[in-house]
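To keep things clear, I will list the structure first and then write my remarks on it.
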Amino acid sequence: MHPLEVLGDPVRRRLIELLGDGQRTAGELTARIREEFAVGQPAVSNQLKVLRETGFARSTPQGARRLYALEHAGLDQVDAWVRQRRRFWTGQLDALGDALSEDHGEDA
């Protein structure tokens, strides 16, 4: 799954936001998502699994609970994708700005 597809789901985005504030238990995440999105525990578990498998989150067993934390691999992929596109558009926009400046200078 492409990293932007992961971010395309509002539940997954919200889970990432919650994990950005620090580690949370699966129960804590499930309660928050159920409250905000009215989805069941199996749906939240599925979304957490997607986040683990795509490098956005990791889980660590702690007794009978699982602690989830943000993993930077997925976010790094998104950042790399955006940087690559930004380089292209920055160059294109700089060239347009230069062309417009030259045209404006000729009219002056």
Side-chain angles (χ1 to χ4, degrees):
M1 179 180 290
H2 191 279
L4 292 181
E5 289 178 86
V6 174
L7 296 179
D9 183 89
V11 171
R12 289 191 294 257
R13 276 196 315 272
R14 183 63 177 131
L15 286 165
I16 290 168
E17 289 171 359
L18 292 169
L19 292 173
D21 293 334
Q23 285 188 343
R24 296 183 184 261
T25 66
E28 193 178 354
L29 292 167
T30 298
R32 192 72 178 268
I33 295 299
R34 289 181 74 180
E35 176 183 302
E36 294 180 21
F37 292 91
V39 297
Q41 183 274 330
V44 177
S45 291
N46 186 55
Q47 299 298 5
L48 288 168
K49 179 182 176 186
V50 170
L51 293 178
R52 283 192 323 269
E53 290 176 349
T54 56
F56 282 86
R58 68 178 180 278
S59 68
T60 308
Q62 186 182 55
R65 306 183 308 167
R66 292 198 80 69
L67 278 178
Y68 280 82
L70 196 59
E71 185 68 51
H72 294 282
L75 296 172
D76 289 345
Q77 290 176 24
V78 171
D79 186 48
W81 188 89
V82 169
R83 272 194 321 253
Q84 184 180 17
R85 272 71 192 168
R86 185 180 297 132
R87 268 197 315 269
F88 170 78
W89 283 110
T90 299
Q92 297 296 319
L93 292 173
D94 286 348
L96 175 62
D98 292 345
L100 291 173
S101 292
E102 290 172 9
D103 287 347
H104 183 67
E106 291 176 2
D107 292 345

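Numbering starts at 1 and runs along the sequence shown.
- Hydrophobic clustering (side-chain heavy atoms under 4.5 Å, transitive across Ile, Leu, Val, Met, Phe, Trp, Tyr) keeps Leu67 apart from Leu70.
- Partners of Asp79 according to the side-chain hydrogen bond (donor to acceptor under 3.5 Å, both in side chains) rule, which considers only residues two or more places apart in sequence or in another chain, are Arg83.
- Residues passing the salt bridge (Lys or Arg N to Asp or Glu O under 4.0 Å) test with Arg24, sequence neighbours excluded: Asp21, Glu28.
- Taken to the nearest 0.5 Å, the CZ atom of Arg32 stands 12.5 Å off from the OG1 atom of Thr30.
- Residues Asp9 and Val50 fail the side-chain proximity criterion, which asks for heavy atoms closer than 4.5 Å.
- Not counting sequence neighbours, the partners of Ser59 by the side-chain hydrogen bond (donor to acceptor under 3.5 Å, both in side chains) test are Arg66.
- Ala31 is linked by a side chain to side chain contact (heavy atoms under 4.5 Å, CB included) to nothing, counting only residues two or more places apart in sequence or in another chain.
- Between Gln23 and Ala69, the shortest heavy-atom contact is CG-CB, 3.7 Å.
- Nearest approach of Pro3 to Gly74, heavy atoms of both residues: CB-O, 4.2 Å.
- Here OG1 of Thr54 is found 7.0 Å from CE of Met1. Values are rounded to the nearest 0.5 Å.
- Residues satisfying the side-chain hydrogen bond (donor to acceptor under 3.5 Å, both in side chains) test with Gln77, not counting sequence neighbours, are none.
- In plain terms, the two heavy atoms of Ala26 and Tyr68 that are nearest each other are CB-CE1, 3.7 Å.
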Intermediate values then yes/no, side-chain contact (heavy atoms from CB on, under 4.5 Å), His2 and Trp81: CA-CA 10 Å; His2 191 279; Trp81 188 89; 3.8 Å; yes

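- Among residues two or more places apart in sequence or in another chain, the side-chain hydrogen bond (donor to acceptor under 3.5 Å, both in side chains) test is passed with Gln41 by Ser45.
- For the residue pair Arg12 and Val6, the shortest heavy atom distance occurs at NE-O, 3.0 Å.
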Would you give me the side-chain donor-acceptor pairs under 3.5 Å for residues 13-20, sequence neighbours excluded?
| residue | atom | partner | partner atom | Å |
| --- | --- | --- | --- | --- |
| Arg13 | NH1 | Leu7 | O | 2.7 |
| Arg13 | NH1 | Gly8 | O | 3.3 |
| Arg14 | NE | Glu36 | OE1 | 2.8 |
| Arg14 | NE | Glu36 | OE2 | 3.4 |
| Arg14 | NH1 | Glu17 | OE1 | 3.2 |
| Arg14 | NH2 | Glu36 | OE2 | 3.1 |

